[in-house]
2 protein chains.
Amino acid sequence: MKKKTTIYDIAKKLDITAATVSRALNDNPKISVATRKLVLETAREMNYEQNRLAKALKSGKSYNVGVVVPRINTNFFGSVIRGIEETLYPEGYHIIICQSHDDERIETSNINSLLNLQVDGILMSIPNIQRDNDDLYNSVLKENIPLIFFDRRKDINGVSSVTIDDFKGAYEATQHLIDQGYKRIAHISNDRRLQIFNNRYLGYKQAVIDNGLEFNENLVIEAFSKVEEGRRVAKTFLEMDNPPDGIFSASDFSALGAIKEIKDHGLRVPEDMGVIGFSNEPFTELMELSITSVDQSPIEMGKLAAEVFLEEVNNSKNIRSQKKVVLDPQLIIRQSSLREAIPIKNDQAI
Amino acid sequence: MKKKTTIYDIAKKLDITAATVSRALNDNPKISVATRKLVLETAREMNYEQNRLAKALKSGKSYNVGVVVPRINTNFFGSVIRGIEETLYPEGYHIIICQSHDDERIETSNINSLLNLQVDGILMSIPNIQRDNDDLYNSVLKENIPLIFFDRRKDINGVSSVTIDDFKGAYEATQHLIDQGYKRIAHISNDRRLQIFNNRYLGYKQAVIDNGLEFNENLVIEAFSKVEEGRRVAKTFLEMDNPPDGIFSASDFSALGAIKEIKDHGLRVPEDMGVIGFSNEPFTELMELSITSVDQSPIEMGKLAAEVFLEEVNNSKNIRSQKKVVLDPQLIIRQSSLREAIPIKNDQAI
DNA sequence: CTGTTAGCGCGTTCAC
DNA sequence: GTGAACGCGCTAACAG
């Protein structure tokens, strides 16, 4: 274990006191230019590096931020974290990752553990199935450390959030289907206790109503974000007496499942049925029949969440801001919803 | 800022000394059962939590491990990190993530930064394009903290690694193509200064030779792991006087590009040409024409890397182990290489 | 068994 | 401007 050089080492060498070295290193105004220069030079010579643990213990600020996500190996969360890391690393912060596995108890453990590490902030998406962890979130606020939700948020007094406008994304997707001539639009939903899914549902519903179409609750079925689930729901739709001719899904995976099922039933996409997913997962672009989807710009979302954190941590510590940043979703039009041979407006379509 | 209870608080309350409290909390043998019980109880009452920063400062052990990957938002790296986190979190460790962006200078910054945080170990994949950062890796070893490479490794004295057997994976993929009746197998390679790609190349080559086929260097072309790159290389292959009828690609993305290009040339996959990728990216399974690929079991790889770290950190600190764990790759046979209507042996195929 | 003391590395009073 | 002294929270060494 090679010993690191401390401020004492360089103090001894220069025959001054450690306090002076500390001041020189921290740009303290009351110090002579000469000694500062001297200290900085010898610090470099001796490969001095500040011990961040000691500083953290002393100051209470660790320059670490905690990030809690249900799981890390999905394109969406991975990309958000990427955005967070890229914004915070240049500012001297490090990212500590925890996975909640959509489990409230693990989430509680994660957050307590992060608090104990004296993280300077926590950025997170709440678990999928969660009843009431408000006390937990409030305990973070009580410690006066910024808490920021991204994507899967919840209304908590004092907690900022960065999301996309799910309502708008869903509305535009549904509108696009209607514009393409589909007359009877169904919706594959997901657990609507989560705001994001409820908002997508509401956006869909509003678009249907605004276009003078009949809103039918039977055309809305919840499903997990899985291919098989999409198949299951599509099967139900197809076996109806009066089946839909368009599907807006709150998930790309269930959208894909729906497409597979539709084809297996001998129908064509997009000729007979139009399908749109949500999230713009990489595979939606790669498919032979590319899938129209709503992009959530996750990297951007991560960057913004990080920026909100930086604002909160740098500004007045006492005023809880509770900022709400809402990103614009972007409909990426691809083959699965393009029945009409209209010119493609969106240059991001293939 | 609500003050946390420290061992002093509980010492004062019990009218004993902080050292005793510390001993009680740390299962020190020389302490009476009575006081231990008393301490533990009041600790719980007062919601005491050990300050890990103070402990780290004192002990030099932070219970943090650093993970450095080129980028986090890919299925492979995300899954490895997932495996690492799931293994280390129950042991009380936290994961600090850094992205090197395949840049040596950022990598250097990452590692120095992690050392400064006094991480107890560093788990990483080396950057794609890298000349010689051996000094950097050795500086980690000099501090006597475990360094473990996963996937993208390099031979460094004292550094353990967890990889899959790329040679074997490539060999089996190529063999499978030959077994399916393809006679002239080409290879889309990648930067072979990286061991993984060189080993895939060697495995391919050996399989070709072992089967008595002609090995032709012209049938090996390097490409980045991108769809367009796969198209480019496939185009070159198809325009040859004597084009190949099978392609083993070191990447799923270039394999997909190749398939798209082949189809655009009016040929069929797998009837006219067989294609196999590498990594078992999620999309390979989802495609309408599902793609045969080599699975690298990334989550397992992460778990093993974490276990190797735990061994090294728990065992004798002075002996550098340099363990080499090699995982078995698994060929996932799907449609893109299945010309013969043979029964599918692999139950993981669709 | 338990109390006392000291130190991990740093920043920050308070004097001078 | 600079030095001396202290404390962040915890643990290890030495007493007793």
Can you find a side chain N or O atom of [X] that sits less than 4.0 Å from OP1 or OP2 on [N]?
X: Tyr48(B); N: dC10(D); result: yes
X: Asn26(A); N: dG11(C); result: yes
X: Gln118(A); N: dG9(D); result: no

What is the distance from [atom1] of [X] to [atom2] of [N], rounded to the nearest Å?
X: Leu57(B); N: dG9(C); atom1: CG; atom2: C1'; result: 6 Å
X: Leu117(B); N: dC8(C); atom1: CG; atom2: C1'; result: 17 Å
X: Ile7(B); N: dG7(D); atom1: CD1; atom2: P; result: 16 Å

Exercise for the section: Return yes if a side-chain donor-acceptor contact under 3.5 Å exists between Gln118(B) and Asn51(A), otherwise no. Expected result: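 The answer is yes; a qualifying pair exists.
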Exercise for the section: Check each residue of residues 9-22 of chain A for a non-hydrogen atom within less than 4.0 Å of any atom in DNA chain D, then write out the ones that pass by number, or none. Expected result: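 Ile16(A), Thr17(A), Ala19(A), Thr20(A), in order of number.
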Problem - Per Ser32(A) side chain, nearest of listed nucleotides dT2(D), dC10(C), dG9(D) - result: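 Among the listed nucleotides, the one closest to the side chain of Ser32(A) is dT2(D).
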Practice task
Evaluate the criterion salt bridge (Lys or Arg N to Asp or Glu O under 4.0 Å) for residue pair Asp155(A) and Arg153(A); output intermediate values, then yes/no.
Solution key: CA-CA 7 Å; Asp155(A) 270 311; Arg153(A) 72 182 296 278; 3.2 Å; yes
Handout entry: Minimum heavy-atom distance between Asn64(B) and Arg52(B), given as atom pair plus value
Key =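 Asn64(B) and Arg52(B) have their closest heavy atoms at ND2-NH2, 4.1 Å.
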Practice task
Report yes or no: is there a donor-acceptor pair, N or O only, under 3.5 Å between the side chain of Lys58(A) and the base of dG7(D)?
Solution key: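 Donor-acceptor pair under 3.5 Å: yes.
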Problem - Within-4.5 Å side-chain heavy-atom neighbours: Arg23(B) and Asn26(B) - result: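 With C-beta onward as the side chain, the pair stays apart.
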Problem - Sugar-phosphate, base or nothing in reach of Asn28(A), heavy atoms under 4.0 Å - result: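 No contact.
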Practice task
Have a look at Ile31(B) and say if it touches a base, only the backbone sugar-phosphate, or nothing, with a 4.0 Å heavy-atom cut-off.
Solution key: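 If one applies the 4.0 Å heavy-atom cut-off, Ile31(B) turns out to touch the sugar-phosphate alone, with no base involved.
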Handout entry: Rounded distance (nearest 0.5 Å) linking atom CG of Leu123(B) with atom CE of Met301(B)
Key =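 So the CG of Leu123(B) and the CE of Met301(B) are separated by 12.0 Å.
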Handout entry: Distance flag, aromatic centroids of Tyr63(B) and His94(B), threshold under 6.0 Å
Key =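 When the ring centroids of His94(B) and Tyr63(B) are compared, they turn out to be at least 6.0 Å apart.
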Practice task
Go through Glu307(A) and Lys303(A) one step at a time and tell me if the salt bridge (Lys or Arg N to Asp or Glu O under 4.0 Å) criterion holds.
Solution key: CA-CA 6 Å; Glu307(A) 281 167 18; Lys303(A) 291 189 185 210; over 6 Å; no
Handout entry: Along DNA chain C (nearest heavy atom to each residue), the more 5'-positioned of Arg23(A) and Thr35(B)
Key =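 The 5'-side residue here is Thr35(B).
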